[in-house]
Enquirer: 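Dropping the structure in here first, questions after.
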Protein chains: 2
Amino acid sequence: MESITIKDVARICGVGVSTVSRAINNHPDINPETKEMIMQVIKENHYVPNNSARNLKRSDARAIAILIKGISNPFFNSMIKVFEEEIQKKKYTLVLQHVDEWQDETEVALELEKEKRLRGIVFLGGFASHSEDQLKKIPVPFVLSTVSLLGEEYKNDYSFVSVNDVEESFRMTDYLIRQGHEKIAILCSSENDVSIGALRLAGYKKALESHRIPVEESRIRHMDPEVDTYSIKSGYKLTRELLDEGVDCTAIFALSDSMAIGAVRALIDAGKKVPEDISVAGFDGTEMAAYYNPAITTIRQPAEIMAKETIKLLFDSIKKKTKVQQLIFDGELVPGESVKKRK
Amino acid sequence: MESITIKDVARICGVGVSTVSRAINNHPDINPETKEMIMQVIKENHYVPNNSARNLKRSDARAIAILIKGISNPFFNSMIKVFEEEIQKKKYTLVLQHVDEWQDETEVALELEKEKRLRGIVFLGGFASHSEDQLKKIPVPFVLSTVSLLGEEYKNDYSFVSVNDVEESFRMTDYLIRQGHEKIAILCSSENDVSIGALRLAGYKKALESHRIPVEESRIRHMDPEVDTYSIKSGYKLTRELLDEGVDCTAIFALSDSMAIGAVRALIDAGKKVPEDISVAGFDGTEMAAYYNPAITTIRQPAEIMAKETIKLLFDSIKKKTKVQQLIFDGELVPGESVKKRK
DNA sequence: TTGTATGCGTTATCAG
DNA sequence: CTGATAACGCATACAA
């Protein structure tokens, strides 16, 4: 039960602790033979260095943390792989950290930065835009990824990369309208979401207005905050309500692919055909949307590129090459089989 | 940039460090007034304790780690929530740790145990059953969850909870046969998988044999190990090959729901109808399978119960109440819309 | 109830 | 190239 420490290894080898330390850290100033001997003893005795002690002492950890809010979000999956690759490429260590829905990501960041001596942080998802002054306390460079901060006041304070939520939402809505749909319901996140949910809703409204179509409040459906927002279930539930209330619409625009899938299933269960009776569109461009039946017409976010640029931005900050920057990407409308041209 | 430490807080408050320590750790022996004063100073100066230092010193961390191999596996999602709840209920802290596909989970466990002074560990997924003697080195109780160790020799060495893979696979295959299918293709994991993939394949073979149906090797499809096994993509790819090679079959049994979905999509893309032309069945009972169109006929694993029992088992071990135990659960065949009775 | 001193396991800074 | 030794930031036994 009792663990072996670096001292024990030193004693067994008949050397000083600093020599052992040099061996395990690939320090240059060490005799290859002694090093080999030490490594041998380490293997034999199953010595594992204590990371807490290391982090405590070390000043240079070369570690980047990614804080993920909403681990079940399939959209993040493709990004995480890229993060891993890019960070490894820079010879940095990656710390993947979950943040629960109810947790404050800045608090987690603060703790983790101390614990692991981070060089930089990526916030993936989340950010209800409260906790704005909390961000100021973070002592290392960070980038908000997949997050749009509302309001001009943040414009030059923080780095973030995101898709152009308003424009892409506009694009999809406009597309639906050009396909002959005027009565378009929209499935949103919770009512008090001021982040991407609000932006996408704004794009929807903007598109309707540009076509002089009145915005009908009964077609705007918000999810209760307690239910996992953007999930399949919420898409199903909201569509169910839509049908039960007899809201008149020929198309449903869901603000995530997962919600779109839930919507399609709800329609099928109600005996409707997609897209013959009602068209459905999503947002994100996930793998699931492409493989669904019917394939979901959606907006593809350039996830891999966004992830890559997030890391580039972060390292620019770390190397002090640049000041804060905002990168806003265009998406791409991917036609599937879930939207039909009317008349 | 320079961080504030407990000493600084003590100095500012005009008290000793131990008093500050007592304040932040809810120690009973402390004057409520001084405590409040200290907490006030802490808030004002944004003091955050260093976890590395804490872990280093602390002997009792009351922490449980869950090591997850294959974070994108949607089947694990429902389990993680339960883990969080159950562990919190016991007033323990949960450490969620990803393990990359190429990483050795026992190595990660060993490191983490030292770093965080863990009381127990749950291994979720993974375990190619190599690294068996590595398990012996782990100095705290642990439970393998969703893992079946092949071979009688492990029978009494390690605790694990899993579904009865052989029997459930048998159940599904038997069901397909009773629905009039004889030519049943099976989509497996990689050829050298000796874990659940091998068990489920065994169940398939057993069912065929019990009905005196010859096992046709061309209907057994293995995925290359380099592709994400059990994924939608691999289901698609394997089905594609099946079709391209003109393998004769009336049903496809995929060893995961994700693969089943990929299979359905591949069939649709090839102009086939599911289940009219070919039936498809999955395994796991994920949310996605239920919401797919057609809903996937699958084996539901009692994920929540399994998660709960995993924790119970772990705490029994921690409290030394029990020796190692194996818990093997029955699944449930959930009929969907993807399997059709023939003739 | 509070303060002081010690050590947790490592790495970094020195002399040798 | 190597070996003492001083931090790192905190919790705790012990003394007050």
Side-chain angles (χ1 to χ4, degrees), chain A residues 1-39 42 45-63 93 110-118 139, chain B residues 1-39 41-42 45-63 110-118 139:
Chain A
M1 220 59 173
E2 275 315 293
S3 265
I4 177 177
T5 77
I6 196 173
K7 273 186 184 171
D8 301 317
V9 176
R11 196 166 26 72
I12 296 171
C13 295
V15 300
V17 286
S18 36
T19 308
V20 179
S21 179
R22 288 188 185 95
I24 56 187
N25 290 310
N26 292 332
H27 227 79
D29 292 348
I30 185 171
N31 186 321
E33 288 172 23
T34 33
K35 174 172 178 178
E36 189 159 354
M37 183 264 282
I38 291 170
M39 294 312 270
I42 285 177
N45 296 74
H46 312 310
Y47 164 69
V48 178
N50 183 315
N51 273 322
S52 286
R54 293 183 121 173
N55 291 327
L56 188 58
K57 187 61 195 165
R58 201 147 38 181
S59 46
D60 156 43
R62 290 184 73 87
T93 297
L110 250 19
E111 267 193 44
L112 204 62
E113 187 277 324
K114 299 225 174 187
E115 180 176 341
K116 307 274 193 182
R117 312 256 175 200
L118 302 175
Chain B
M1 217 63 174
E2 275 314 295
S3 264
I4 176 179
T5 77
I6 196 173
K7 272 187 184 170
D8 301 316
V9 176
R11 195 166 26 73
I12 296 170
C13 295
V15 302
V17 285
S18 45
T19 309
V20 179
S21 179
R22 289 189 184 94
I24 56 186
N25 291 312
N26 292 332
H27 228 81
D29 292 347
I30 185 171
N31 186 322
E33 288 172 24
T34 36
K35 175 172 178 178
E36 189 159 352
M37 184 264 281
I38 290 170
M39 294 312 269
V41 171
I42 285 178
N45 297 74
H46 313 310
Y47 165 69
V48 178
N50 183 316
N51 272 323
S52 286
R54 295 184 119 172
N55 290 328
L56 189 58
K57 188 64 194 159
R58 209 158 19 194
S59 47
D60 155 44
R62 291 182 72 87
L110 250 19
E111 267 192 44
L112 204 62
E113 188 277 323
K114 299 225 172 183
E115 180 176 341
K116 306 275 194 185
R117 312 259 178 205
L118 302 174

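Since the model is a prediction, treat every value here as computed from it, not as a measurement. Numbers restart at 1 for each chain; the letters A, B, ... are given by sequence-line order, proteins then strands.
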Enquirer: Do you know which two heavy atoms are closest between A:Thr34 and A:Ile30, and how far apart they sit?
Expert: OG1-CG1, 4.0 Å
Enquirer: Give B:Asn50 one of three labels, base, sugar-phosphate or nothing, depending on what nucleic acid heavy atoms sit under 4.0 Å from its own.
Expert: sugar-phosphate
Enquirer: Whole angstroms only, please: what is the CD-P distance between B:Glu113 and C:dC8?
Expert: 17 Å
Enquirer: Is there a side-chain contact between A:Lys57 and B:Leu56 (heavy atoms, below 4.5 Å)?
Expert: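 They are not in side-chain contact.
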Enquirer: Nearest whole Å is fine: how far is D:dC8 C1' from A:Glu115 CD?
Expert: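 For the pair A:Glu115 CD and D:dC8 C1', the rounded distance is 14 Å.
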Enquirer: Counting the atoms with a prime plus P, OP1 and OP2 as sugar-phosphate, which does B:Leu56 contact under 4.0 Å by heavy atoms, base, sugar-phosphate, or nothing?
Expert: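 Touches a base.
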Enquirer: Rounded to whole Å, please give me the gap between CZ in B:Arg11 and P in C:dT2.
Expert: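 B:Arg11 atom CZ is separated from C:dT2 atom P by 20 Å.
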Enquirer: Would you indicate which nucleotide in C:dT10, D:dC10, C:dC8 comes nearest to any side-chain atom of A:Arg54?
Expert: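 Within the option list, the nearest is C:dT10.
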Enquirer: Identify, between B:Val15 and B:Lys57, the residue whose nearest nucleotide on DNA chain C lies closer to the 5' end.
Expert: B:Val15
Enquirer: Would you say the side chain of B:Asn50 lies within less than 4.5 Å of the side chain of B:Thr5, judging by non-hydrogen atoms?
Expert: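 Side-chain contact under 4.5 Å: no.
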Enquirer: Below 4.0 angstrom from OP1 or OP2 of C:dT10, is there any side-chain N or O of A:Asn55?
Expert: no
Enquirer: Would you tell me whether A:Asn51 and A:Lys116 have side-chain atoms, one donor and one acceptor, within less than 3.5 Å of each other?
Expert: no
Enquirer: May I have the distance from B:Asp29 (atom CG) to D:dT12 (atom P), rounded to whole angstrom?
Expert: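 About 12 Å, once rounded to whole Å.
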Enquirer: Rounded to the nearest 0.5 Å, what's the gap from CD1 on A:Ile4 to CG on A:Asn45? Could you check?
Expert: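 Rounded to the nearest 0.5 Å, the CD1-CG separation comes to 4.5 Å.
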Enquirer: Tell me the interatomic distance from A:Met37, atom CE, to D:dC1, atom C1', rounded to whole angstroms.
Expert: 13 Å
Enquirer: Give one of base, sugar-phosphate or nothing for B:Ile4, where a contact means two heavy atoms less than 4.0 Å apart.
Expert: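 Answer is nothing: B:Ile4 stays at 4.0 Å or more from every strand.
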Enquirer: Can you tell me if A:Ser21 touches the phosphate of C:dT11, counting only side-chain N or O atoms and a distance under 4.0 Å to OP1 or OP2?
Expert: yes
Enquirer: Calculate the interatomic distance between A:Arg117 atom CZ and C:dT11 atom P; express it in whole Å.
Expert: 13 Å
Enquirer: Any side-chain N or O of A:Thr34 less than 4.0 Å from the OP1 or OP2 oxygen of D:dT2?
Expert: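 Indeed, a polar side-chain atom of A:Thr34 lies that close.
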Enquirer: In whole Å, I'd like the distance from the CD atom of A:Glu111 to the C1' atom of D:dG9.
Expert: 14 Å
Enquirer: Would you mind telling me which residue lines up with the more 5' stretch of DNA chain C, B:Pro32 or A:Arg22, judged by nearest nucleotide?
Expert: B:Pro32
Enquirer: Output the single nucleotide from D:dC8, D:dT12, C:dT10 whose closest atom is nearest the side chain of B:Ser18.
Expert: D:dT12
Enquirer: Of the options D:dG3, C:dT10, C:dT11, whose atoms approach the side-chain atoms of A:Thr19 most closely?
Expert: D:dG3
Enquirer: I need the CD1-C1' distance between A:Ile6 and D:dG3, as an integer number of Å.
Expert: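 Those two atoms, CD1 and C1', are 13 Å apart.
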